[in-house]
Amino acid sequence: MDRYRVKPGQQINLTDYDPDDKSVFDLNKKTGKKKLKDVNKELETLQETLYAENKHKILIILQAMDTGGKDGTIRHVFEGVNPQGVRVASFKKPTEIELSHDYLWRIHHHTPAKGEIVIFNRSHYEDVLVVRVHELVDPKVWQRRFEHINAFEQLLADEGTTILKFFLHIDQKEQKERLLARLQEPDKRWKFNPNDLAERKYWNDYMRAYTDVLNKTSTEWAPWVIVPANRKWYRNLVSGTTIVDTLKKLNIQTPSFKEDVQGWIDKVQTL
Ligand code: ATP
Ligand code: MG
């Protein structure tokens with residue numbers, strides 16, 4: 001999975017990353033979906049132990065262009081996982097109150113506690129993406145933010161948070177198809193947002209902003225993974241496998257039971 005990870009200090013160019021790539025898993029849609037079921041099961045077990053151990057904190061950040069598949073990734077990768085101990089935090093346009101604070105104020109509160117997995121559906125990265133593209137603050141202001149963000153994520157990591165950041169990479173052609181599908185399929189119409197068409201005009205500006213994000217904020221303690229996301233099954237498999245591999249490395253353990261087991265069994269039997 002290393003091939004999609006942006007190494008600290010690496011200067012990537014998004015045009016070198018093919019959103020259609022499927023070279024890591026030599027599978028087709030059908031077998032890919034089947035493999036995801038195995039990944040789901042592994043994740044389910046790991047999450048159960050993580051929750052029981054109550055030690056590690058896991059933060060997963062999802063960023064993508066509109067229709068990029070953040071919702072679908074959450075739904076498919078976390079399918080079957082016990083909702084106790086897993087939480088999604090979605091970050092929309094900031095409210096008046098949120099805007100009256102610094103941009104990390106609304107974020108910090110949602111970071112994971114011990115034993116928890118939190119998924120950020122959009123994040124503080126919007127403050128160097130949409131905010132930059134639409135010139136919502138002076139360039140001098142957003143340019144300083146890369147440093148704040150790295151320091152903020154380092155604070156979280158130092159205090160025991162494992163951070164993974166996914167950029168779900170689709171191209172404009174795929175976005176057009178997904179917008180059309182949202183209109184053509186009645187069950188999906190509620191997802192169509194006319195504003196996505198206006199946003200699409202800024203595609204190149206967003207790609208420039210994302211390139212900076214990926215080059216400036218992929219660190220040892222909070223790496224970015226560029227997920228080829230034109231194919232949904234492949235996107236799910238890459239994200240799911242990366243999460244499972246990362247959790248496995250944490251050596252998560254069920255808490256040991258230090259009491260006298262037989263003594264307690266005897267006691268319960270007399271109840
Ligand atoms: P969906 O997949 O359901 O469309 P979404 O994440 O696109 O999910 P929307 O309600 O459509 O949700 O859009 C949220 C909007 O809020 C996005 O356009 C995003 O750029 C914007 N947003 C998020 N954070 C900020 C921020 N800090 N400043 C300005 N806009 C923000
Ligand atoms: Mg949207």
Side-chain angles (χ1 to χ4, degrees), residues 19 59-78 87-111 118-150 152-153 165-172 174-214 216-217 224 227 229-230 232 235-236 239:
L59 176 60
I60 294 164
I61 296 179
L62 295 181
Q63 284 288 157
M65 295 296 283
D66 293 310
T67 78
K70 294 180 277 66
D71 293 350
T73 304
I74 296 169
R75 201 168 56 245
H76 289 104
V77 171
F78 288 89
R87 191 155 54 80
V88 179
S90 298
F91 296 97
K92 310 276 183 189
K93 270 201 186 87
T95 62
E96 277 302 310
I97 292 174
E98 286 168 346
L99 277 175
S100 71
H101 290 268
D102 71 84
Y103 66 101
L104 291 173
W105 179 78
R106 68 169 180 161
I107 306 289
H108 204 158
H109 176 68
H110 289 284
T111 55
V118 173
I119 304 150
F120 278 4
N121 183 345
R122 300 190 189 267
S123 63
H124 42 292
Y125 285 98
E126 293 294 324
D127 293 283
V128 283
L129 291 163
V130 63
V131 166
R132 168 180 177 174
V133 169
H134 289 286
E135 301 176 354
L136 302 181
V137 300
D138 198 86
K140 279 202 191 78
V141 174
W142 62 255
Q143 278 160 5
R144 295 276 302 132
R145 292 182 173 173
F146 298 109
E147 233 177 280
H148 308 151
I149 289 173
N150 285 339
F152 170 62
E153 291 176 351
K165 305 183 290 203
F166 295 104
F167 171 53
L168 311 179
H169 185 30
I170 59 163
D171 56 26
Q172 276 187 293
E174 180 63 25
Q175 189 192 53
K176 182 177 170 181
E177 277 168 30
R178 292 186 186 183
L179 288 169
L180 269 177
R182 285 183 180 184
L183 288 167
Q184 285 163 345
E185 294 170 37
D187 290 352
K188 283 191 181 170
R189 265 175 214 152
W190 66 275
K191 287 209 92 177
F192 181 77
N193 180 352
N195 190 246
D196 291 354
L197 268 53
E199 258 344 78
R200 182 181 162 89
K201 297 206 175 81
Y202 296 91
W203 191 278
N204 291 338
D205 294 338
Y206 271 108
M207 288 308 111
R208 257 191 300 277
Y210 266 111
T211 303
D212 266 358
V213 162
L214 295 162
K216 290 176 194 287
T217 64
W224 275 105
V227 182
N230 273 3
K232 294 174 182 172
R235 168 201 79 201
N236 296 338
S239 329

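One-based numbering, in listed order, for ligands and for the atoms of each.
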Using a 4.0 Å heavy-atom threshold (strictly under), name the region of Asn193 that reaches ligand 1: side chain, backbone, both or neither. side chain
At under 4.0 Å between heavy atoms, which part of Asp66 makes contact with ligand 1: side chain, backbone, both or neither? side chain
For ligand 1, is there an N or O atom under 3.5 Å from any N or O atom of Ser123? no
Check the side chains of Tyr206 and Glu199 for a donor-acceptor pair under 3.5 angstrom, ignoring hydrogens and angles. yes
Quick one: does His124 get a heavy atom under 4.0 Å from ligand 1? no
Checking the N or O distance criterion of under 3.5 Å, is ligand 1 in contact with Asp127? yes
Which of the atoms in ligand 1, numbered in the order shown and given with their element, are less than 4.0 Å from a heavy-atom of Val131? 28 (N)
Met65: heavy atom below 4.0 Å from ligand 1, yes or no? no
Among all protein heavy atoms, pick the one closest to atom 28 (N) of ligand 1 and tell me residue, atom and distance. Pro94 CD, 3.3 Å
Tell me the closest heavy-atom pair linking Thr73 and Asn236, and the distance in Å. CA-OD1, 3.7 Å
Note: Glu199, heavy atoms under 4.0 Å from ligand 1, region reported as neither
Exercise: identify the closest heavy-atom pair between Arg132 and Phe146: NH1-CZ, 4.5 Å
Can you tell whether the side chains of Arg144 and Asp127 come within less than 4.0 Å, N to carboxylate O? no
Search all heavy atoms of Met65 against all heavy atoms of Trp203 and return the closest pair with its distance. CE-CE3, 3.6 Å
So, for Ser123 and Ile61, which heavy atoms are closest and what is the spacing to 0.1 Å? OG-CG2, 3.6 Å
At under 4.0 Å between heavy atoms, is it the side chain or the backbone of Arg106 that contacts ligand 1, or both, or neither? side chain
So among Asp205, Thr211, Asp212, which one has a side chain to side chain donor-acceptor pair (under 3.5 Å) with Arg208? Asp205
Can an N or O of Lys93 be found at a distance shorter than 3.5 Å from an N or O of ligand 1? yes
What protein heavy atom is closest to atom 7 (O) of ligand 1, reported as residue, atom name and distance in Å? Arg122 NH2, 2.7 Å
Around atom 30 (N) of ligand 1, find the nearest protein heavy atom and jot down its residue, atom name and distance. Val130 CG1, 3.5 Å
Between Asp71 and ligand 1, which part of the residue brings a heavy atom under 4.0 Å of the ligand: side chain, backbone, both or neither? side chain
Can you tell me which portion of Lys92 lies within the under-4.0 Å heavy-atom range of ligand 1? Options are side chain, backbone, both, or neither. both
With a 4.5 Å limit on heavy-atom distance, are the side chains of Leu197 and Phe192 in contact? yes
Atom 20 (O) of ligand 1: which protein heavy atom is closest, and how many Å away? Glu126 OE1, 2.9 Å
With a 3.5 Å cut-off and no angle check, do the side chains of His169 and Glu174 form a donor-acceptor pair? no
Is Tyr206 in polar range of ligand 1, meaning some N or O pair under 3.5 Å apart? no
Protein heavy atoms near atom 4 (O) of ligand 1, is at least one of them under 4.0 angstrom away? no
What's the shortest heavy-atom distance between Gly68 and Ala229, and which atoms? O-CB, 4.2 Å
Anything under 30° is parallel, anything over 60° is perpendicular, the rest tilted; go ahead and classify Tyr103 against His148. tilted
I'd like to check which ligand 1 atoms, numbered from 1 as shown, lie under 4.0 Å from a non-hydrogen atom of Phe91. 23 (C), 24 (N)
So which atom in Glu153 and which in Lys165 form the shortest heavy-atom distance, rounded to 0.1 Å? OE1-NZ, 2.7 Å
